[in-house]
Structure formats: C-alpha cells, structure tokens
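Reading through the structure tokens given below for one structure.
All chains are named by letter (A, B, ...) in the order of the sequence lines, taking the proteins before the strands, and each is independently numbered beginning at 1.
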Protein chains: 4
Amino acid sequence: MKQETQTREKLQQTAKEEFMEKGYAAASLRNICRKANVTTGALYFFFKDKEDLFGSLVDEPLKKIYEFMKTHYEVEIKELKTAATKNHDSKEDTEAAVMALNYMFEHHDEFTLLLTKSAGSRYENCTDRFVEISEAHYRVLADEMSERCQTEKIDDYTIHWISHLQILSFVQLITHDISKEEALKHINTIVKFLINGWFGIYK
Amino acid sequence: MKQETQTREKLQQTAKEEFMEKGYAAASLRNICRKANVTTGALYFFFKDKEDLFGSLVDEPLKKIYEFMKTHYEVEIKELKTAATKNHDSKEDTEAAVMALNYMFEHHDEFTLLLTKSAGSRYENCTDRFVEISEAHYRVLADEMSERCQTEKIDDYTIHWISHLQILSFVQLITHDISKEEALKHINTIVKFLINGWFGIYK
Amino acid sequence: MKQETQTREKLQQTAKEEFMEKGYAAASLRNICRKANVTTGALYFFFKDKEDLFGSLVDEPLKKIYEFMKTHYEVEIKELKTAATKNHDSKEDTEAAVMALNYMFEHHDEFTLLLTKSAGSRYENCTDRFVEISEAHYRVLADEMSERCQTEKIDDYTIHWISHLQILSFVQLITHDISKEEALKHINTIVKFLINGWFGIYK
Amino acid sequence: MKQETQTREKLQQTAKEEFMEKGYAAASLRNICRKANVTTGALYFFFKDKEDLFGSLVDEPLKKIYEFMKTHYEVEIKELKTAATKNHDSKEDTEAAVMALNYMFEHHDEFTLLLTKSAGSRYENCTDRFVEISEAHYRVLADEMSERCQTEKIDDYTIHWISHLQILSFVQLITHDISKEEALKHINTIVKFLINGWFGIYK
DNA sequence: TATGAATGAGTCTTCATTCAT
DNA sequence: TATGAATGAAGACTCATTCAT
C-alpha cells in the first residue's frame, strides 16, 4: 500500500517541479518521468494524459476555491436582501478575502500553477472563470444598489471590468513573490481602493 | 515591384491569422507557409526566424505606444511640478488615454497579438513592461502627493499593483471584443474609478 | 529478450554502413532509420543524438587503445630508468606495436570510422590525441637520451613531428586496405625505419 | 574594368575567410555572400558552384606545386641515371624542398585550405595525390638502388608508406602554425631523418 | 553584371502517446 | 504495477541552386 502510491506521488512531485519551471505547454513528460526514475508507461498507468497529470495537482484546490466563492457570494446576497441599510460594510468583504487568501497561501504552488503556468492546458482560462463568477455576483449587487439609490444601471462591461480588477488584485497577492503577512497587510488597501473606486462611479 | 512585396505581405497575413488562432508558441511555420502557398525557404528569405516574423507584425505599434507613454508621462510630471494646486485634473488623463486608445484601435490586431498571443516569444512580458513604466511614473506622483498632503509614503507594492490595475483596464478595452466607440465611452468610468480608488487610499 | 536488443543492433549496423559510406557529417539519420526499417523516434529511444550513435560504435575500442598506449608507455619509461645500457632495444617496441595492431584489426571497422570517417563529430581529432600522448612520451625519452649521450636537447616541434610520423605509420596499416598478415610484416620495417631515422638526428 | 573584378575578388576574400573558419563542407554560400555584401545570384554569375568557388582559390597554387614536383623528380631521375656513384646526395633534396616550401609559404592560406579545409570537396584527397606522385618517383629510385646494391626489391606498400611520411612531414610545416624561418630550419632535420630511415631498411 | 525572390528537399531533434509483456 | 520499445507526425531551420528581370 505504500509502494503503490509512492510512484504516483513521486511523479506528481517531479511534475510540479517541471510545470513550475517551464509551464504546462513546454513541460516534457519524458523529463518528468526521468526525474522520477520511472518509465513513461508508468505515468500512463496513473494518469490519463498530460492534462490529467496537471489536473491531479490543481483540481482540488481549484474546486475548493470555487466553492468558497460561491458560498461567500450567496451569503452576501442574502444579507444584502435582508439588510435595511444601504451602506456597504467592508468588514465582511475583508474577512472573506482573508479567508480565501489563507487557503491560497496554504496551496501556494498549486495556485501558482493555475494562475501563471497553465497556458496550453484546459485550465489556462481559469482566471476568466473566477472573473465570471465574480461578475455574476456584482451584477446582482449593482442592480440592487441602482434600485435603492435610484441611479442608472451599470452596464455589463463595467461590471466585468471591475470584477476583473478585483480578481487580479487577489491573484497578484499570490503570484508576486510576497509573504503571507505582507499579502494580508495589503488586503485592506485593496478593499478600500476598490470600494472607493466603485462608489466613485455613482457620483 | 508589386509581385516582390506580395509574398512577404501574404506571409504576414497568414502568419497573423495563425498567431491569432493558436498563439505564438503553438503556431506552425509550416502551416503559415502552406496557407500562403509558399515554401518554407521563402519565409526564411524574408524573415530571420519565427520571432522575427512575429516581430514584423508588432514591432512598430509597440515602439510607438512606448514612446507615447514616455512623452505623456514626462509632460505630466513637468506640469505637476509647476502646478500650485494639489487637485488632480482628470481631464488630461482622459485625453491621453483617448489618444492612446485611438492608436491601439487602429492597430487592433497587432495589440491583440502582443497582449494575448505572444506567450513563448520575446514579447510575452510586454504587459509587464507597460506596468513598469507606469509604476515608475506613479512612484514619483505618489511621493509628490504624500509630501504636499503630509501623508505617509505609499509602499512599492501598492504602487505596482495600482499600475497593474490601470494597465489592465486599458488592455481589456483592446482585448475584449468591443467597438472603439464603446471603449471610448468606458474610458471615463475607468478614469473616475481609478482616481477615486487612489484617493481612497489616503483617507 | 532477443527482439529487444535487435532493433538497437540493427540501427548500429545500418549506422555503421552509412557512416562508412558518407562519413559522420554527411551521414543522414533518416537514411539510417530507413535502412533499419525503424522510425526516427526509435533511434532516439536508444541513442541520445547523432554523436551518441557514432560513439556507441567507437567509444570502447577507442578507450581500450588509449589505455593500452598509456600502460605501454609507462612500462617503457620505467625500464628506461632502470636500464644501464643506452642502447634501445627495438624488440619491445615491435611487440607492443604488434599487440596494438592485433587489437585494431579485431575492430577494423571501428578504427576506420574513428580515423577516417569522424570529421564533424567530437572524435574528429582523435588522431591528434594519439599524437599528443606519443609526444609526451617521446619528450621524456629524448631528454633522457640527450643527457646520457651528452647531446643537445631536441626541440618540441621535432618531437611532435616524429610522434606524428609514428602514429601515421600505424594508422595507415589500418586505413589502407591490407590484410592483418601484411600489416604485421610491415611493422618490422616501420620500426627499423623510425629508429634509424631517430638516431640519424643525433649524428 | 575595376568594378567588374572587384565583386569577384571580394567574394573570393570572404569565401577564403569562411572556408578557413569552417572548412569546405560546413561553409555556407549565404554567409559568404552576406559578408561580401552581394547576393547569391552574383556569386553564381562568377562561379559555377561551391566547388568552383573553392577551386578558384586553390587551383593555381595546386597546379604549380604539381608541376614543381614533376620537374624536380624528372631531373632527379635523370641525374641518378647518369651518376656513377651510388651515394645519395642530400643537398639537392634539401634544395628542392626549400624551393617548394618557399612557394607554399607565399601561398600559405591556399595550401592551408587544400591540406586541412577541403573535406567534402573534390580536393579532399589532394594529399593522397601528392603521395601518389612521390610514390611513383620513389618506386623508380628504389628499384635503381636495389639493382646497384644487389639488395631485394622494396615492396609497394613500403614505398607508399615512406612517400606518405615524406609528404606529411612537408605538409606539417605548412599546417602547423610556425614561421617560414622555423620551417626552413626543420627541413634539414627532416631530410636527415628520412634518409637515415630509408637506408635503415637496407640493413 | 547583378538582383531578389523562390524552390524543395533536407537537417537533427522532440513530442505525447500506445501497447505487448 | 510497471517496463521498454516503438510510433509517426511535427517542430524550426538551413542549404545549394535557379532564374526572370
């Protein structure tokens, strides 16, 4: 039971190194096998193909973070609907951001792979998918606010773009070589910036 | 005199198509030649190698936009130093943005190549270079403001991140499939958002 | 177990034919594979690259002959130092030559490749290396003799040139299409010629 | 009349550089043309093909040295027949060698091309042809001596081999990076060595 | 005289993948 | 579980040569 999984894990480890170094497309399965002291055949016993190998590294963290986003957004919408006040409280946003960030720092390598080394694989647009989720959320949020404040509806492009800014701000905290402590420090600035920017649109 | 340049241009055209479709790395010179009804040798008569071919499409627009940024930023700094008021005037920013945008829409394909299809080539980090230029500029700007307003200095990471937001906002206007008219419309929102976000940091 | 090595050996055989016919540089891996009824991929499974394929044919014989030279020369120097007489005994030289020749005739093809078909590969200067080894040896020998006979020291160029003559004499016995028996017959003449030539210098 | 030959000569000059650097086979006509600031078409106006270009550099010196050998050998044979004495006079040999050497040093580059850079061209065996000429001469010489001295005939291989030694000794004076003065100094040693070696066979 | 364009076959090498054992 | 062998297509690039103008 030990030996069995050992090869698989060894492969994952060397694969991670190779993907990190060269990115998905330029990574060579041969190299990965060679470094793991294993033949190509072995790799294909454990993994369907190159993409499956890459996926085995990133699938779970990716799924988790998707779920986290979903849950967080659902809660936020619910609270928005029940809340009387129209004032947005940035505390909750920051808290959620911190939680997400904590998780991502725990799987720093995996998210680095996803966010900067996945070109050529089915994951290459994963940032876009984050944006899409964010977008859907902010669409609702913005509409709610427009109604309450009696302002004009914000167009789709703007929603998309702001979502992208937000996601990017997040992604950078992972992909730029800074420590978790530093990242947490910056979160406040980011949230402040984005909220002020956002409200600036309504003026 | 016609026939002479015809092949070169035909190659550039089919190359553009191939690069657009598959990106630099995955593009195949064989395919490009086949589509252009030309042998590989012919391609290598006109272009030194794959990168040179790609460069022949994007080099000039890239150079022009670099120069534009440089000039614009120089002027802005000069005005900042001579200006008495501490109030930032967004009109000029918007004007410059509009000019840049106009130029980029005139070379829409080329900038799409540069910004989203250049992975694997020497141009793959061209967005980062835009950010760097922006960063240097905002560093100066922020320091000037800190002094005038007697506020704390903004740290480097924040400057970098804001620069990135700004460049990204711009890049999206090109890479997302919207018309020039729409893009111009959004510029105002973007500038407003960024300026408000920026001032939000000082609160 | 048979089939496994069969392809590798088949490749080596057709490679030998191609290298023999065209020399290293002009030999085509495609041809080699075609003649062996094998795809290029198969070749690269067994051999790292063109040079590795060539090396797989000649490396061992080359190493052996280097070792033989080294050993033989070491012994000769040792005997020289212990010997009282200043007269050189050609018997031992001849014996060593015969042994080397025997080995080289056993690997006639390989040495032909090395000595006349290796241009363009890392082995192209292997004759020069033989000469260098010989040179170092004769340098010592000549100095010892100069001292004993109270004659002038022989200059480096002459040592180099004589070493080259000697190596060439040897090489010819392999590269000229003569039988082993004939070659062995000529060895005596060669040794006589070289020794007389050598002593001629001192007159 | 000036301009006309100018291009041709420029081409020959850059060709010489390229051949010297890379050898015949690896030399690239493209490179040669590029360095000469001339198109490939121009090259093919002046020269039939690659070999013709190479030949234009070496043909004349080669022809001259062939003729010199022929003449010298004819004279020597004639003198041998009329001479009563059986003693060989090395003076004449040395004189001829010095003359040949002088000529070769005047065309040092050309002979370097011929002797060490011609692999792949029709000239690659030019050393062998020198040897053949020498061989024919020594065949006659040796037979004459055998008869006069009442010794056994020397076999063809030995004649061939000695001729090769002699030619090689000569060639080295050109191909090893030594000055003309040094080369002339060594000639005496070489002639002494070879003559003593030669007579050693008869003992 | 010389250009500039183009050919077309060829170079070595790398790749992800498959499959009998 | 894993091996070792093999596929076959594709990769970028270089070459000597030709020829209309």
Side-chain angles (χ1 to χ4, degrees), chain A residues 3-8 11 25-33 36-53 120, chain B residues 1 3-8 11 25-33 36-53, chain C residues 1 3-8 11 25-33 36-53, chain D residues 3-8 11 25-33 36-53 120:
Chain A
Q3 173 100 23
E4 294 162 20
T5 51
Q6 222 162 288
T7 304
R8 198 186 133 94
L11 276 168
S28 151
L29 296 187
R30 256 199 208 164
N31 263 357
I32 291 169
C33 291
N37 277 324
V38 150
T39 56
T40 34
L43 190 152
Y44 277 87
F45 175 78
F46 291 110
F47 307 99
K48 203 179 135 285
D49 56 15
K50 197 182 187 183
E51 220 162 34
D52 187 41
L53 172 59
Chain B
M1 233 210 263
Q3 174 97 23
E4 292 163 19
T5 51
Q6 222 161 287
T7 303
R8 196 187 134 95
L11 275 167
S28 151
L29 296 187
R30 267 195 197 169
N31 267 355
I32 291 171
C33 291
N37 274 324
V38 148
T39 57
T40 32
L43 190 154
Y44 278 89
F45 174 78
F46 292 107
F47 307 100
K48 205 179 132 287
D49 55 16
K50 198 183 187 181
E51 218 162 36
D52 187 41
L53 173 59
Chain C
M1 228 206 268
Q3 175 98 22
E4 292 162 19
T5 51
Q6 222 161 288
T7 302
R8 197 186 134 95
L11 275 167
S28 151
L29 296 187
R30 261 198 200 169
N31 267 355
I32 291 171
C33 291
N37 275 324
V38 149
T39 57
T40 35
L43 190 153
Y44 278 88
F45 174 77
F46 292 107
F47 306 100
K48 206 179 133 285
D49 55 15
K50 198 182 186 182
E51 217 162 36
D52 187 41
L53 173 58
Chain D
Q3 174 98 23
E4 294 162 20
T5 51
Q6 222 162 288
T7 303
R8 198 186 132 94
L11 275 167
S28 149
L29 295 187
R30 256 201 207 162
N31 263 357
I32 291 170
C33 291
N37 276 324
V38 150
T39 56
T40 32
L43 191 152
Y44 277 87
F45 175 78
F46 290 110
F47 306 99
K48 202 178 136 284
D49 56 15
K50 198 183 187 182
E51 219 162 34
D52 187 41
L53 172 59

Item to check | Protein-nucleotide distance (Leu43(A), atom CG; dA16(E), atom P), rounded to Å | outcome: 10 Å
Checklist entry - Within the structure, does a side-chain N or O atom of Tyr44(D) lie under 4.0 Å from either OP1 or OP2 of dT18(F)? => result no
Checklist outcome for this item: Atom CZ of Arg30(A) and atom C1' of dG4(F) are separated, to the nearest Å, by 13 Å
Next on the checklist: Using 0.5 Å steps for rounding, measure from the OG1 atom of Thr40(C) to the CG atom of Leu29(C).
Outcome noted: 9.0 Å
Next on the checklist: Whole angstroms only, please: what is the CD-P distance between Glu51(D) and dA16(F)?
Outcome noted: 13 Å
Checklist entry - Between Ala27(B) and Phe45(C), which is nearer to the 5' end of DNA chain F once each is assigned its nearest nucleotide? => result Phe45(C)
Next on the checklist: Can you tell me if Thr7(B) touches the phosphate of dA6(E), counting only side-chain N or O atoms and a distance under 4.0 Å to OP1 or OP2?
Outcome noted: yes
Checklist entry - Closest approach of Ile32(B) and Leu11(B), non-hydrogen atoms and distance? => result CG2-O, 4.0 Å
Checklist entry - When the nearest nucleotide of DNA chain E is assigned to Leu29(C) and to Lys50(A) on a heavy-atom basis, which residue is associated with the more 5' position? => result Leu29(C)
Item to check | Interatomic distance, Lys48(C) NZ vs dC12(E) P [rounded to whole Å] | outcome: 15 Å
Next on the checklist: If you compare all heavy atoms of Thr39(D) against all heavy atoms of Cys33(D), which two are closest, and at what distance to 0.1 Å?
Outcome noted: O-SG, 3.9 Å
Checklist outcome for this item: Assert: residue with more 5' nearest nucleotide on DNA chain E, out of Gly41(A) and Ala26(A), is Ala26(A)
Next on the checklist: Strictly below 4.0 Å: does Thr39(C) bring a side-chain N or O up to OP1 or OP2 of dA6(F)?
Outcome noted: no
Checklist entry - Tell me, do Phe45(A) and Arg8(A) make a side-chain contact under 4.5 Å, heavy atoms counted? => result no
Next on the checklist: Rounded to whole Å, how long is the line connecting atom CG of Asn31(C) with atom C1' of dT11(E)?
Outcome noted: 12 Å
Checklist outcome for this item: Tested for side-chain contact (heavy atoms from CB on, under 4.5 Å) against Phe46(C), the lone hit among Thr7(C), Asp52(C), Val38(C) is Thr7(C)
Checklist entry - Does the base of dA5(F) carry an N or O that pairs as donor and acceptor with the side chain of Thr40(A) under 3.5 Å? => result yes
Next on the checklist: Nearest whole Å is fine: how far is dG8(E) C1' from Asn37(B) CG?
Outcome noted: 15 Å
Checklist outcome for this item: Atom CD1 of Ile32(B) and atom P of dA10(F) are separated, to the nearest Å, by 15 Å
Next on the checklist: Applying a 3.5 angstrom cut-off to the pairing atoms, does DNA chain F sit in any stems of at least three consecutive Watson-Crick or G-U pairs? List them by first number.
Outcome noted: E:2-21 with F:2-21
Checklist entry - Which whole-number value in Å describes the distance from Leu53(D) CG to dT17(F) P? => result 10 Å
Checklist outcome for this item: Out of dC13(F), dT1(E), dA16(F), minimum distance to the side chain of Phe46(D) belongs to dT1(E)
Next on the checklist: Rounded at 0.5 Å granularity, tell me how far CD in Glu51(B) sits from NZ in Lys48(B).
Outcome noted: 8.0 Å
